[in-house]
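Notes to accompany the following structure.
Hydrogens, waters and symmetry mates are skipped; everything else that's a heavy atom, side chains included, is used.
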Amino acid sequence: MEFSALPLLLFKLFDRFAALAVFCTVFCLVFDFMKRRKTCGNYPPGPRGLPFVGNILQVDLSNPHLSFVKLWKKYGDVVSLEFGWTNLVVLSGYKTLKEALVKKSEDFADRPSFPIYEKFFRQHGEGIVFAKYGDWWKQQRKFSLSTLKNFGLGKKSLQLRIVEEAEFLIQGFESEQGRPFDPHFHLTYATSNIICSIIFGKRFDYSDEKLLRLLHILEESFVLEGGFWGQLVNAFPFLYYLPGPQNKIFQNQDKISQFLQEIIMSHKETWDPNDTRDFIDAFLTQQEKTKNDPNTSFLENKMIGTLQSLFAAAQVHEEIDRVIGKDRRPSLEDQEEMPFTNAVIHETQRLGNIGPISLPHETYRDTTVMGYTIPKGTMIIPNISSALFDEDIWLTPHQFNPGHFLDSDGKFVRPEAFIPFSAGHRVCLGEQLAKMELFIFFTSMLQRFTLFLPENEPRPSYKEAQFGITLCPLPYRLCVKAR
């Protein structure tokens, strides 16, 4: 080949590569357009997305609830977005949430798929929280609710367990001897021990290293799964196969699975069908009863998924002293005579906003909300904080005001927009248990202690928090003094 012919050959090769690159680019753009093309008219409005990534760069994945508030103000109560090729709709405002989650509860009762849990679900089942809407979910939720009631949910027997655990919590606070401390450790152990007593049939000592490791893993997983990396993997599942910080999510899932598996094996060795000690025993009994049913949801290898689903003021002092005194322990019956204390607890939940966005739902069938059409299989984000801070509902939505829960006579009232546990078919399974714990733990602490901030330390901010599946306060310290 002559040297003079080489540039011509290179030019032809470049021309072929350029043509191929243009073809691939056009093909990808057309494919992307077809994937994200709306399949119905009257679809909700929303910001225009970019090719392939959609609107994911327009949402702060570390604080998505704040981005959703801005979108709510700009586009209205029903906003459409695209994360990759996933269509999702954000619902904001109490009227919108009520129409979708309460009035059309079944239409919005399904769950989307979650790539970050795909491996775990294959091995251990989807549990109650993440299961698709249908017979399997209905069986497991009905069984879980009835079993929780059998073990005292809403009854005196469980109240006594909570009161007993409150004493261990008080002892933990007393052990700090007035020094500044982070109460997170004690509060987490106390609340975890209640559900442990129901599921495992035992409580753990506050110095138990095994439970401490589990709680650390669970807290870390909440932040990772609900935060930036978890949402990124859900939008772009191929990241599952690449190295990076997201792999910590799957490592933690394996550790949680191993912890629960060890407890299940221990139960199987001592299981007596005539002596149901806890939730695991009840599951084993139900599994035995339905072992010949080909459609049973009570499978041994799926139990772990169900178990994991069950595991996330001076006037007050005056009221506690007047109604309870200092000698006896608080009880749920005291709530009727303590409207202000009850109002303070509810207002703390509202302003604390620990679940600003509900776990994603999915439309079970084609439906409408606020006049917009939403096709079956669309991911739905219920913006719970929009109801808790709805300016049409609350007098001073961004201020701590127990008066939101008191009528003109000082009696306790609960506005229907107070939905920190969500609403409808997917309302939180542990709502009643959480209410019992909140009242007894709170009144027990304030019956015995005066809480105050250490000198020369900043005041904790309720406006700054770490977002995961829930919104957690940043670390802070306080002091307690015996009353």
Side-chain angles (χ1 to χ4, degrees), residues 109-111 113-114 116-155 157-158 161 192-204 210-211 214-215 217-218 221 250 252-312 359 425-433:
D110 215 349
R111 281 277 194 241
S113 60
F114 296 90
I116 59 171
Y117 300 122
E118 188 174 331
K119 178 184 175 183
F120 184 88
F121 288 164
R122 283 199 306 267
Q123 295 176 338
H124 308 300
E126 296 174 325
I128 308 162
V129 174
F130 296 103
K132 301 289 287 184
Y133 182 71
D135 291 340
W136 196 96
W137 175 82
K138 292 177 182 178
Q139 284 183 24
Q140 288 296 314
R141 187 173 177 90
K142 181 179 179 181
F143 167 77
S144 297
L145 281 172
S146 63
T147 303
L148 288 174
K149 289 179 180 178
N150 289 339
F151 284 101
L153 187 62
K155 299 179 182 178
S157 56
L158 182 56
R161 292 192 203 182
S192 299
N193 260 333
I194 302 302
I195 196 65
C196 284
S197 69
I198 296 173
I199 298 177
F200 307 143
K202 59 174 289 188
R203 68 173 299 278
F204 293 82
K210 192 172 185 180
L211 182 62
L214 175 66
L215 295 178
I217 292 170
L218 286 171
S221 296
F250 313 116
N252 283 352
Q253 288 175 357
D254 291 338
K255 292 177 182 178
I256 294 169
S257 171
Q258 182 179 357
F259 176 87
L260 295 174
Q261 191 66 57
E262 289 175 1
I263 294 179
I264 292 172
M265 293 303 296
S266 175
H267 273 65
K268 289 181 66 177
E269 293 172 358
T270 58
W271 173 58
D272 180 355
N274 298 314
D275 179 22
T276 304
R277 300 164 295 184
D278 50 34
F279 189 95
I280 295 177
D281 279 358
F283 194 102
L284 292 172
T285 300
Q286 190 66 20
Q287 178 187 333
E288 180 65 23
K289 289 180 180 178
T290 60
K291 63 181 180 182
N292 295 321
D293 181 359
N295 297 317
T296 181
S297 63
F298 296 92
L299 303 173
E300 182 177 330
N301 66 330
K302 305 299 183 183
M303 189 193 305
I304 289 178
T306 298
L307 294 180
Q308 189 180 19
S309 293
L310 296 173
F311 247 79
L359 286 173
H425 279 53
R426 293 284 183 169
V427 67
C428 178
L429 192 66
E431 178 176 3
Q432 192 172 0
L433 177 60

Exercise for the section: Can you measure from CG (Asp281) to CG (Asn274) and round to the nearest 0.5 angstrom? Expected result: 11.5 Å
Problem - Working for side chain to side chain contact (heavy atoms under 4.5 Å, CB included), residues Thr290 and Gln286 - result: CA-CA 6 Å; Thr290 60; Gln286 190 66 20; 3.8 Å; yes
Completion exercise
In short, Leu359 meets Arg111 closest at the heavy-atom pair O-NH1, 3.4 Å
Problem - Pairwise side-chain contact, Arg426 with Trp137, heavy-atom cut-off 4.5 Å (strictly under) - result: yes
Practice task
Over all heavy atoms of both residues, which pair between Ile198 and Asp278 is shortest? Give the atoms and the distance, please.
Solution key: O-CB, 3.2 Å
Problem - Shortest non-hydrogen contact from Ala109 toward His425 - result: CB-CB, 3.9 Å
Practice task
Answer yes or no: does atom NZ of Lys132 have more than 12 heavy-atom neighbours from other residues, nucleotides or ligands under 6.0 Å?
Solution key: yes
Exercise for the section: Give the C-alpha distance, both sets of side-chain angles, the deciding distance and a yes or no for side chain to side chain contact (heavy atoms under 4.5 Å, CB included) between Phe200 and Arg277. Expected result: CA-CA 8 Å; Phe200 307 143; Arg277 300 164 295 184; over 6 Å; no
Problem - Between NZ on residue Lys210 and CG on residue Leu214, distance to nearest 0.5 Å - result: 9.5 Å
Problem - Distance-minimising heavy-atom pair for Ser144 and Phe279 - result: OG-CZ, 3.7 Å
Problem - Closest approach of Leu215 to Ser192 (non-hydrogen atoms, all atoms of both residues) - result: CD2-OG, 3.2 Å
Handout entry: CD on Gln140 to CG on Asp135, rounded to 0.5 Å
Key = 12.0 Å
Exercise for the section: May I ask you to decide if the ring planes of Phe259 and Phe204 are parallel, tilted or perpendicular, using 30° and 60° as cut-offs? Expected result: tilted
Fill in the blank from the handout: One should read off an interatomic distance between Thr276 OG1 and Leu284 CG, to the nearest 0.5 angstrom, of 9.5 Å
Handout entry: Derivation of the side chain to side chain contact (heavy atoms under 4.5 Å, CB included) call for Phe283 and His267
Key = CA-CA 11 Å; Phe283 194 102; His267 273 65; over 6 Å; no
Handout entry: Atom pair CH2/OG1 of Trp271 and Thr285 - distance to nearest 0.5 Å
Key = 5.0 Å
Exercise for the section: Without swapping roles, check the side chain of Ser266 against the backbone of Glu262 for a donor-acceptor pair under 3.5 Å. Expected result: no
Handout entry: Exceeds 12 heavy-atom contacts within 6.0 angstrom, atom NZ of Lys142
Key = no
Practice task
Check the side chains of Ser197 and Arg203 for a donor-acceptor pair under 3.5 angstrom, ignoring hydrogens and angles.
Solution key: no
Practice task
Could you tell me which non-hydrogen atom of Ala282 sits nearest to which non-hydrogen atom of Thr147, and how far apart they are?
Solution key: CB-CG2, 3.7 Å
Exercise for the section: Rounded to the nearest 0.5 Å, what's the gap from NZ on Lys268 to CD1 on Ile263? Could you check? Expected result: 15.0 Å
